[in-house]
Protein chains: 2
Amino acid sequence: MFKEKGIFVLNLVSSPGSGKTTLLERTLRDLSQKLRCAVIEGDQQTDNDARRIAATGVPVHQINTGAGCHLDAHMVMHGTAGFDLDHLDVLLIENVGNLVCPAAFDLGEHHKVAVLSVTEGEDKPLKYPQMFHNSTVMLLNKTDLLPHLDFDVEKCKEYARRVSPGIIIFEVSARSGEGMEAWYQWLSSAAAH
Amino acid sequence: MFKEKGIFVLNLVSSPGSGKTTLLERTLRDLSQKLRCAVIEGDQQTDNDARRIAATGVPVHQINTGAGCHLDAHMVMHGTAGFDLDHLDVLLIENVGNLVCPAAFDLGEHHKVAVLSVTEGEDKPLKYPQMFHNSTVMLLNKTDLLPHLDFDVEKCKEYARRVSPGIIIFEVSARSGEGMEAWYQWLSSAAAH
């Protein structure tokens with residue numbers, strides 16, 4: 001359905017608290033004039049994230065999974081019911097914060113984008129290899145905190161490439177905006193193809 | 001079996017990268033002279049954590065879950081096979097980093113201890129309520145980073161108490177050691193009863 005309607009779909013996956021929502025807020029503020037975007041938010045409980053996204057003016061739908069640990073394609077199908085799918089360029093899906101289970105579920109996306117906060121430690125791609133193996137892009141987020149951490153960026157990138165040789169890596173701070181331009185260029189270019 | 005042998009068992013649960021292993025390393029260095037401890041480490045892949053724990057001199061067993069998103073009691077039973085269970089006071093189980101699925105599995109522990117890094121944002125108890133509801137203790141970790149974050153400690157504690165009114169909260173930095181004494185006192189006292 002997404003293919004038929006020419007909608008470019010990304011499935012954002014990560015641990016809880018990696019900064020996915022802040023990343024989406026900034027991305028939407030910077031890109032939604034050029035690309036018609038919509039967002040699906042997945043969380044066990046609360047509509048906190050949907051309210052944050054709604055403040056950017058972009059259409060958003062919150063899915064609460066209750067006891068569930070991931071989104072699935074059926075939920076996403078229902079989640080898109082309120083969107084004008086004939087006039088949409090990009091759908092961004094923020095999955096439940098979970099570095100394990102969402103790796104196994106295809107939501108109809110073009111790409112999984114793994115967000116890893118530098119506060120989580122550089123070994124995460126090795127410890128949760130399925131997620132990084134299944135992702136096209138890794139966004140290394142919260143780089144503004146690097147001066148206060150023992151985090152080896154090069155080692156982390158090497159670990160990510162060990163489980164996913166072709167993975168595209170951007171170092172970003174969704175808070176400061178540093179490094180976001182390269183991510184926007186990739187997104188815009190991938191959405192155009 | 002743990003009850004019969006008088007072994008006090010804690011199940012440490014959290015997001016990936018909350019600092020569980022660093023917290024265990026320091027706890028073992030400070031307490032293992034007084035209490036005979038052993039550790040079970042759960043990860044999808046790698047034995048990184050078991051090697052870090054082994055360096056403290058405490059017996060440790062690594063379980064790799066592969067595609068699995070949590071430990072279960074059967075894995076833990078086999079995981080204890082190499083320990084001298086007749087001469088053990090405390091078993092510390094570090095679960096797979098996942099704020100969702102491990103909430104639903106009883107490993108035979110006396111208490112679940114939820115570790116939340118202040119880098120993850122204060123709303124996590126509301127967004128993943130089952131985990132915090134099922135935990136006796138919340139360790140608010142990485143408090144040394146608070147000066148560099150927008151994190152409201154009081155709001156986080158209020159959210160945790162909203163889903164788990166009796167939850168015991170300790171603010172700690174496993175890196176600097178700040179606040180660890182109160183956690184040790186709770187652990188030692190709970191293990192003695």
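So that the names make sense, note that chain A is the first sequence line, chain B the second, and so on, each numbered from 1.
Only the side chain of A:Asp49 comes within less than 4.5 Å of a heavy atom of chain B; its backbone N, CA, C and O stay farther away. No part of A:Ala104 comes within reach of chain B, as not one of its non-hydrogen atoms sits under 4.5 angstrom from that chain. Looking at A:Ser117, neither its backbone nor its side chain comes within 4.5 Å of chain B, counting heavy atoms on both sides. Interface residue A:Leu145: only side-chain heavy atoms are found under 4.5 Å from chain B.
The environment of NE2 in A:His111 is crowded: more than 12 heavy-atom neighbours from other residues, nucleotides or ligands sit within 6.0 Å.
Note: B:Phe8 and B:His110 have tilted aromatic rings, judged against thresholds of 30 and 60 degrees for the angle between ring planes. In this structure, A:His61 and A:Phe83 have perpendicular ring planes: the angle between them is above 60°, well past the 30° mark. Using a 30° and 60° split on the angle between ring planes, B:His78 and B:His74 fall in the perpendicular class, above 60°.
Interface check for chain B: of the options A:Lys142, A:Glu120, A:Gln44, A:Lys124, the most heavy-atom pairs under 4.5 Å are formed by A:Gln44. Options B:Gly66, B:Ser14, B:Ala67, B:Gly19 differ in how many heavy-atom pairs under 4.5 Å they form with chain A, and the most are formed by B:Ala67. Top candidate by heavy-atom pairs under 4.5 Å with chain A, chosen from B:Gly121, B:Gly97, B:Pro16, is B:Pro16.
Closest heavy-atom contact between A:Cys156 and A:Leu116: SG-CD2, 3.6 Å. Closest heavy-atom contact between A:Asp144 and A:Pro147: O-CD, 3.4 Å.
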